[in-house]
Amino acid sequence: MVTSSRALQAVKLPASITVKELAHQLKANPIEVIKQLMRRGIMANVNQTVDYATAAKVAASFGYDVIKDTSRETTSAKKFHFREKEGEVRQLRYPVVTVMGHVDHGKTTLLDVIRHTNVTASEAGSITQHIGAYQVKIDGRKITFIDTPGHEAFTAMRAHGAKVTDIAVVVVAADDGVMPQTIEAIDHAHAAGVPIVVALNKIDKPNANPERVKQQLAEYNILIEEWGGDTICVPLSAKKGEGVSELLDNILILADILELKADPSIPAAGTIIEANLDKEKGAVATVLVQNGTLKIGDIVVAGETWGKTKALFNDKGKRIKQAELSMPAEILGLKGVPRAGDPFKVITTEREARALAEKVHAQRHQMFSPSGGTFSLDKVSTQIHHGEVIELNIVLKADTQGSIEPIKKSLERLDVGNTRVNLIHIGSGSITESDVLLATTSKGIVVGFNTHPTPGAHRMAELNQVDIRYYDVIYELVGDIEKALSGMLEPTYKDVIDGYAEVRAIFPSGKRTKVVGIYITEGKISRNCGVRILRQNQIVHESGVSSLKRFKDDVAEVLAGFECGVGVTGFNDFHMGDIIEFHHMEKE
């Protein structure tokens, strides 16, 4: 019995009823109704019809007395096709799933097990074909998996405007629990508005503690069904293959609840999953068809490039004539290599396709030119002042977990008119490329407290024009955010990175001072730069340049690719491999 709290209630049921209507009548989650049907050997989605006898048994399991309603006409089964507008056919399509999680929690093993599901001996040789996405077949239905490195690739596609994934599977090891990358995966899925299914892996380990993991998940707003929430949690052992089929069944159940639809009769449209230039084939792109049907001979525009579809291959490398809804396919014929996350669509004429591709190119050139728009705290303040924005999205990174809690509480308490702070991700450690990507896709900013970006994150922030704000005093951080929310933020100084160098030699210079031989890896350095010494991405000292020499000569600046000697004011504890960051402050 699911529950006995409604034992004396009666429910009237007709001769036949859809699963969705039955769940509504029973005031129950459709997922629970579908699970009750599965226990009785009936595989049904929310739009399918069950007879009175079956519906009565399900209602009884929920604690209801059942009365047959003879006054209602038989509820007809909803068919696979829907006509929502004149001339538009909407069809239920297969779900598209991305698997994410912390390193070593079994994500790769799970993907391998899923990928080899229902692979026959004749197909075993071709399963190694990798096109960035693949489909598995379960009881006559299919699930498409986007095989990405994880949440960073997931968010990178979102950064280009792509809405690819319908469901995110977050893998958590039962013996290790929620870890930093688990939290990132959850926050990236939440920011994308994608429902989550938790794959609780490694339950066969002696030190597995599923209940502790469920408690940790609850702390990050992931409340599983058995705890009264709506998140599906499936215990499994990917290594042994146990529970994987249950995970796939639950993905299909959630897809039924989402009622994913598209129109197969229109020209195809979708997203580029990955692309590369092959010496023999030319430009090769993996596409995911999200609407319509893609056929050989179709003229396709993908981002800044276009071409006529010369050949199509499925996820096993076999030639196909067309790619249908939710189907990944490899396409040949594009004149250039598009970017992952670029939208594609079929166009009627080559002239129109060329013009559209050129328009996208011009727009992107404008976007990333110096005159292009940035998303900064100052800009948000101006928009709030003019009533254009009511929410400020923030990625918060601090040096330690201990620093996070007081900052988090202070920001959440801010109450400035109708505006508020939305902390889309919180973590400790250096600011990473993943943090910048999340801020990019969420149109937010990155706030660092006693922490610093990695060189890659800094480059990405510049490329995507994302504002990174640095603080070492909590009240200054909270004060600036409060001023931004009230639309009264004053002009500030920004930290401009001039270059990076690596310590390759250490020399004494007098009795108590040392200089270092460095190699400039990026940008340029000068005598009037500020200096930060980074060791394992942590700042160990911050001051300025005391001397700068090339060979024996004093110089004003040195460019990337050259070596030089440098002295740092008030610092001698150099280590080989230290990274020196050169910077200056500039008024915004």
Side-chain angles (χ1 to χ4, degrees), residues 29 31 95-103 105 107 146 148-172 177-200 213-225 227-234 250-251 254-255 257-258 260 341 375 389-398 401 404-405 407-409 411-412 420-429 431-447 464 466:
N29 188 321
I31 292 175
V96 180
V97 178
T98 298
V99 180
M100 302 185 285
H102 192 74
V103 64
H105 277 200
K107 177 169 65 73
I146 304 295
T148 71
H151 59 264
E152 291 188 20
F154 169 82
T155 305
M157 285 192 283
R158 284 190 60 232
H160 298 144
K163 171 67 170 72
V164 177
T165 305
D166 299 313
I167 298 168
V169 172
V170 176
V171 182
V172 191
V178 173
M179 300 297 284
Q181 283 178 289
T182 317
I183 300 166
E184 287 188 359
I186 290 169
D187 288 342
H188 283 243
H190 277 157
V194 176
I196 291 172
V197 173
V198 174
L200 190 54
V213 177
K214 293 171 187 177
Q215 176 63 51
Q216 291 175 328
L217 288 169
E219 294 170 6
Y220 293 96
N221 298 320
I222 299 293
L223 200 60
I224 66 171
E225 288 178 325
W227 283 32
D230 56 7
T231 301
I232 298 171
C233 178
V234 183
N250 275 278
I251 289 172
L254 184 53
I257 303 300
L258 296 173
L260 306 167
F375 196 85
V389 175
I390 59 171
E391 188 173 75
L392 172 58
N393 291 327
I394 293 178
V395 174
L396 173 64
K397 295 299 285 285
Q401 282 294 127
I404 289 172
E405 198 57 32
I407 297 173
K408 178 174 176 282
K409 287 182 178 177
L411 292 177
E412 287 176 343
R420 69 183 186 91
V421 169
N422 180 26
L423 293 169
I424 55 176
H425 178 63
I426 302 171
S428 59
I431 296 166
T432 65
E433 294 177 38
S434 175
D435 298 322
V436 176
L437 270 174
L438 186 54
T440 302
T441 57
S442 304
K443 296 184 178 179
I445 66 167
V446 180
V447 173
N464 293 302
V466 172

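Just the heavy atoms: all of them, side chains too, but no hydrogens, waters or symmetry mates, feed the values below. Quantities reported herein were computed from a predicted structural model and do not represent experimental measurements.
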Participant: Go through it in stages, so that I can follow the logic: the residues are Ile222 and Ile196, the test is side-chain contact (heavy atoms from CB on, under 4.5 Å), and I'd like the CA-CA distance, side-chain angles, deciding distance and then a yes or no.
Facilitator: CA-CA 8 Å; Ile222 299 293; Ile196 291 172; 3.7 Å; yes
Participant: Checking the side chain of Thr441 only, and the main-chain atoms of Leu438 only, is there a donor and an acceptor separated by less than 3.5 Å?
Facilitator: yes
Participant: What's the verdict on side-chain contact (heavy atoms from CB on, under 4.5 Å) for Ile251 and Ile167, showing C-alpha distance, side-chain angles and the deciding distance?
Facilitator: CA-CA 8 Å; Ile251 289 172; Ile167 298 168; 4.1 Å; yes
Participant: Could you tell me which residues satisfy salt bridge (charged side-chain N to carboxylate O under 4.0 Å, His left out) with Lys214, sequence neighbours excluded, listed by chain and number?
Facilitator: Glu211, Glu226
Participant: Less than 4.5 Å apart, any side-chain heavy atom of Thr231 and any of Val197?
Facilitator: no
Participant: With a 4.5 Å limit on heavy-atom distance, are the side chains of Ile183 and His425 in contact?
Facilitator: yes
Participant: Just so I know, are the side chains of Ile445 and Val395 near enough to count as touching, which here means a heavy-atom distance under 4.5 Å?
Facilitator: no
Participant: Tell me, please, which residues at least two apart from His102 pass ring pair (Phe, Tyr, Trp, His ring centres under 6.0 Å).
Facilitator: His105
Participant: Give a yes or no on whether the backbone of Leu392 and the side-chain of Asn422 come within a donor-acceptor separation of less than 3.5 Å.
Facilitator: no
Participant: Taking only residues two or more places apart in sequence, or in another chain, which ones meet Glu225 in a salt bridge (charged side-chain N to carboxylate O under 4.0 Å, His left out)?
Facilitator: Lys35
Participant: Could you tell me whether the side chain of Val97 reaches within less than 4.5 Å of the side chain of Thr165, counting heavy atoms only?
Facilitator: no
Participant: Under 4.5 Å between any side-chain heavy atoms of Ile224 and Ile232, yes or no?
Facilitator: no
Participant: With no hydrogens and no angle check, do the side chains of Ser434 and His188 hold a donor and an acceptor under 3.5 Å apart?
Facilitator: yes
Participant: For the pair Val172 and Val198, evaluate side-chain contact (heavy atoms from CB on, under 4.5 Å) and give the outcome as yes or no after the intermediate values.
Facilitator: CA-CA 7 Å; Val172 191; Val198 174; 4.2 Å; yes
Participant: Could you check whether any side-chain heavy atom of Leu217 comes within less than 4.5 Å of a side-chain heavy atom of Ile186, counting everything from C-beta outward?
Facilitator: yes
Participant: Short question: side chain of Gln216, backbone of Val178 - any donor-acceptor pair under 3.5 Å?
Facilitator: yes
